[in-house]
Structure formats: structure tokens, C-alpha cells
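Values reported hereafter were calculated over all heavy atoms of this structure, with side chains retained and with hydrogens, waters and symmetry mates removed. In this chain, numbering begins with 1 at the start of the sequence shown.
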Amino acid sequence: QVQLVESGGGLVQAGGSLRLSCAASGRTKSSYAMGWFRQAPGKERDFVATISWSGGTTDYADSVKGRFTISRDNAKNTVYLQMNSLKPEDTAVYYCAAALGLGPTIRPYEYHYWGQGTQVTVSS
């Protein structure tokens, strides 16, 4: 089992920045890719970013490329999502997820564990 806890969400004005963190505990000795997803009210959960175990491979949704950066610190069992130039359409609950034994993936059904989510609200 892997437990994931997100933090760092909040209210920010358009153009501002936030840094989300996702701390993993439990079965953290296994290699796993990590991903960030988001879900706005009344919408499906969408892929945001993913990173390989080594951190050497990343992928992003087109809507966040150039604005968001995913990174990880395996010594701290933590993955980060740096969000810059935030827009009102970035408002959503952001979830981190772990895919054990897999490379980075944009497909939510390939993730085995999910956090509870953290709210990000961007005001115009």
C-alpha cells in the first residue's frame, strides 16, 4: 500500500503561482511513476503531468505546458507540481497518483493509488 497526501493548494489571483506537494508513505521502496490530475466541478478528472521514477522523463497536458513543472525528490518520497502563470480555468481539485512498476503515463486507470486531493482556486 502507498498513502499519498497532497498539500499546497489555495486561492491565488490569475497570473500567480502555487507549488503543490504530494508526500508518499508506505510501500515507497518500489519504483513508481507519479502523476498529477485535476477535476473541475461537473467535469471528468483530467491528466495534468507525469514523471518517471528517476525524474528523467516527464509529460504534460497541452493546457499546462510551459506553465507547470513536475519534479520529485525520492529521498523525501515527495513529488511536486510548480504552477506558474495560473489561469481561472486551472481551478480544480488536484490529485496526485502513483503507478507502481510503471513508467510515466497519462492514463488514470494505470495508477494504483490516489491522494485525497487539494483545492486550487484561481480568481480573475
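Linking Ile, Leu, Val, Met, Phe, Trp and Tyr whenever their side-chain heavy atoms come within less than 4.5 Å puts Val48 and Tyr113 in one cluster. Residues Met34 and Val2 fall within the same hydrophobic cluster, defined by Ile, Leu, Val, Met, Phe, Trp and Tyr side chains chained together at heavy-atom separations under 4.5 Å.
The backbone N or O of Gly103 lies less than 3.5 Å from no partner atom in the side chain of Ser52, so there is not a single donor-acceptor pair. Listed for the Asp46 side chain is no donor-acceptor partner under 3.5 Å among the backbone atoms of Phe37. A donor-acceptor contact shorter than 3.5 Å links the side chain of Glu6 to the backbone of Cys96. Judged by distance alone, the side chain of Arg107 and the main-chain N or O of Phe47 form no donor-acceptor pair under 3.5 Å. The backbone N or O of Leu100 lies less than 3.5 Å from a partner atom in the side chain of His112, making a donor-acceptor pair.
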Take Val120 and Leu20 through the test side-chain contact (heavy atoms from CB on, under 4.5 Å) and record every step on the way to the result. CA-CA 9 Å; Val120 171; Leu20 305 184; 4.0 Å; yes

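Rounding to the nearest 0.5 Å places OH of Tyr60 at 7.5 Å from CG of Leu81. One finds the OG1 atom of Thr57 at 11.5 Å from the CD1 atom of Ile70 (value rounded to the nearest 0.5 Å). Rounded to the nearest 0.5 Å, atoms SG (Cys22) and CZ (Arg72) are 9.5 Å apart. With rounding to the nearest 0.5 angstrom, the CG atom of Leu4 is 11.5 Å from the OH atom of Tyr111. Note that CH2 of Trp36 and OH of Tyr95 are 12.0 Å apart. Values are rounded to the nearest 0.5 Å. Atom OG of Ser7 sits about 15.0 Å away from atom OH of Tyr94, to the nearest 0.5 Å.
The list of salt bridge (charged side-chain N to carboxylate O under 4.0 Å, His left out) pairs with a residue in residues 81-98, not counting sequence neighbours, reads Arg38-Asp90, Arg67-Asp90.
Using a 4.5 Å cut-off on side-chain heavy atoms (C-beta onward), Ile51 and Val79 make contact. Annotation: side chain of Pro104 is not in contact with side chain of Asp59 (no heavy-atom distance under 4.5 Å). Contact check for Val12 versus Thr121: no side-chain heavy atoms found under the 4.5 Å cut-off. By the 4.5 Å heavy-atom criterion applied to side chains, Asn74 and Tyr32 are not counted as neighbours. Thr50 is not listed as a side-chain neighbour of Thr58, based on a closest heavy-atom distance of 4.5 Å or more. Counting heavy atoms from C-beta on, the side chains of Thr118 and Val93 never come closer than 4.5 Å.
In this structure, Gly8 and Leu18 approach most closely via the heavy-atom pair O-CD2, 3.8 Å.
Of the candidates Gln82, Met83, Lys76, Tyr80 forms a side-chain contact (heavy atoms from CB on, under 4.5 Å) with just one, namely Lys76.
Using modelled atom types, one finds no donor on one side chain facing an acceptor on the other under 3.5 Å when comparing Gln13 with Ser123.
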